[in-house]
Amino acid sequence: MSQSAGLYLVDEIMLVAIDEDINDSDIVDLQDRLAQRVHDTGARGIVIDVSALEIVDTFVGRIIAQLAGIGTLLDSPTYLVGMRPAVAMTLVELGMTLPTVRTARNLQHALERLRATQ
Amino acid sequence: MKTLSPPPGKPFDRLVIAVEADVFRSRQAVGRAMDRLGARVIRRTRLVTAVSEIFRNGLVYGGGAEVVITLDEADRMVWVDCTDQGPGIADLELAMKDGYTTGKGLGRGLGGAKRLVEHFEIHSVLGEGTQVRLAGRA
Ligand SMILES: Nc1ncnc2c1ncn2[C@@H]1O[C@H](COP(=O)(O)OP(=O)(O)O)[C@@H](O)[C@H]1O
Ligand SMILES: [Mg+2]
């Protein structure tokens with residue numbers, strides 16, 4: 001079982017909190033659990049919280065993009081929240097712009113926008 | 001493979017990367033070195049991100065790596081050497097290109113790491129291994 005990310009249903013939204021030490025062996029399991037739980041709960045959207053991350057390298061960037069891809073496949077609007085400013089600036093220099101991921105300033109904003117899309 | 005001359009400064013830490021958790025552990029050590037110099041968050045983030053790319057390459061492609069961290073307090077620099085005894089890189093210029101990968105990555109690690117640091121050098125000998133030296137200013 002993955003220890004490197006938590007899945008929580010908050011207000012009919014599936015919240016994915018990614019931990020700093022997420023690793024390769026956790027990813028497939030996390031994708032499976034996310035898809036299954038979004039399907040089972042009929043969640044209205046997905047919010048990926050990266051506020052615990054001191055850095056986002058291309059490895060974690062790829063994970064974020066993949067999780068957002070699951071949201072798209074399941075027709076579940078997906079937001080990214082909690083990215084630290086230094087992390088965002090560094091990602092640009094890595095050349096990772098995450099074009100498919102919508103971002104919101106914080107969890108509250110993401111929830112408001114997801115409510116507005118209903 | 002030739003041994004690089006030691007970077008300026010004094011030894012800070014030495015780590016072995018053999019499993020995935022070591023990548024995390026080792027980049028945290030680099031973060032501590034930057035903290036020791038009172039680095040600003042953005043500078044710390046840049047170096048720690050760059051070494052994370054290099055450490056993961058050392059594990060995934062090099063089959064494991066050795067990391068040496070050196071602290072140059074006079075120049076406010078953290079030097080990181082990452083050495084592996086893997087297959088080496090046939091075409092360094094190609095490997096440095098954004099988007100080039102022989103694995104399942106994004107192929108942006110080497111090019112990205114180079115853009116994020118003050119000093120970047122890479123040496124590789126086929127059949128012997130790969131050595132990357134990076135440095136960031138605090
Ligand atoms: N330490 C290494 N030993 C052998 N090959 C390496 C090493 N580091 C990088 N490479 C080669 O360079 C390519 C590009 O690396 P990188 O830019 O980090 O992208 P990625 O890790 O996503 O493939 C890798 O796919 C691999 O072929
Ligand atoms: Mg890489």
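Residue numbering restarts at 1 for every chain, and letters A, B, ... go by the order of the sequence lines.
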S.K.: Could you grab the distance from atom CG of B/Leu116 to atom CE of A/Met89, nearest 0.5 Å is fine?
M.R.: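 Taking CG in B/Leu116 and CE in A/Met89, the distance rounds to 11.0 Å.
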
S.K.: To the nearest 0.5 Å, tell me how far B/Glu53 CD sits from A/Asp57 CG.
M.R.: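 Nearest 0.5 Å value for the CD-CG distance: 5.0 Å.
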
S.K.: Does some side-chain heavy atom of A/Thr90 sit less than 4.5 Å from a side-chain heavy atom of B/Ile42?
M.R.: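 Sidechains of A/Thr90 and B/Ile42: in contact.
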
S.K.: Can you tell which part of A/Val56 gets under 4.5 Å to a heavy atom of chain B, answering side chain, backbone, both or neither?
M.R.: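 The answer is the backbone of A/Val56.
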
S.K.: How far does CG of A/Asp21 sit from CD of B/Glu20, to the nearest 0.5 angstrom?
M.R.: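 Rounded to the nearest 0.5 Å, the CG-CD separation comes to 10.0 Å.
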
S.K.: So, applying side chain to side chain contact (heavy atoms under 4.5 Å, CB included) with B/Ser52, which one of A/Thr58, A/Val60, A/Ile55 is it?
M.R.: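 Filter result, single survivor: A/Ile55.
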
S.K.: Below 4.0 angstrom, N of the basic side chain to O of the carboxylate: do B/Lys104 and A/Asp24 qualify?
M.R.: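 Looking at A/Asp24 together with B/Lys104, the answer is yes, because their closest N to O distance falls below 4.0 Å.
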
S.K.: Is B/Arg40 close to chain A through its backbone or its side chain, or both, or neither, when contacts mean heavy atoms under 4.5 Å?
M.R.: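 Neither; nothing under 4.5 Å.
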
S.K.: With a 4.5 angstrom heavy-atom cut-off, could you sort out which part of B/Arg56 is near chain A: side chain, backbone, both or neither?
M.R.: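 Only the side chain of B/Arg56 comes within 4.5 Å of chain A.
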
S.K.: Can a donor-acceptor pair be found between the side chains of B/Thr45 and A/Glu54 at a distance below 3.5 Å?
M.R.: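 There is no such pair (donor and acceptor under 3.5 Å, judged by atom type) between the side chains of B/Thr45 and A/Glu54.
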
S.K.: Does any backbone or side-chain atom of B/Ala113 lie under 4.5 Å from a heavy atom of chain A? Answer side chain, backbone, both or neither.
M.R.: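 Backbone of B/Ala113 only, per the 4.5 Å heavy-atom cut-off to chain A.
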
S.K.: For B/Arg27, which atoms come within 4.5 Å of any heavy atom of chain A: side chain, backbone, both, or neither?
M.R.: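 Side chain only.
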
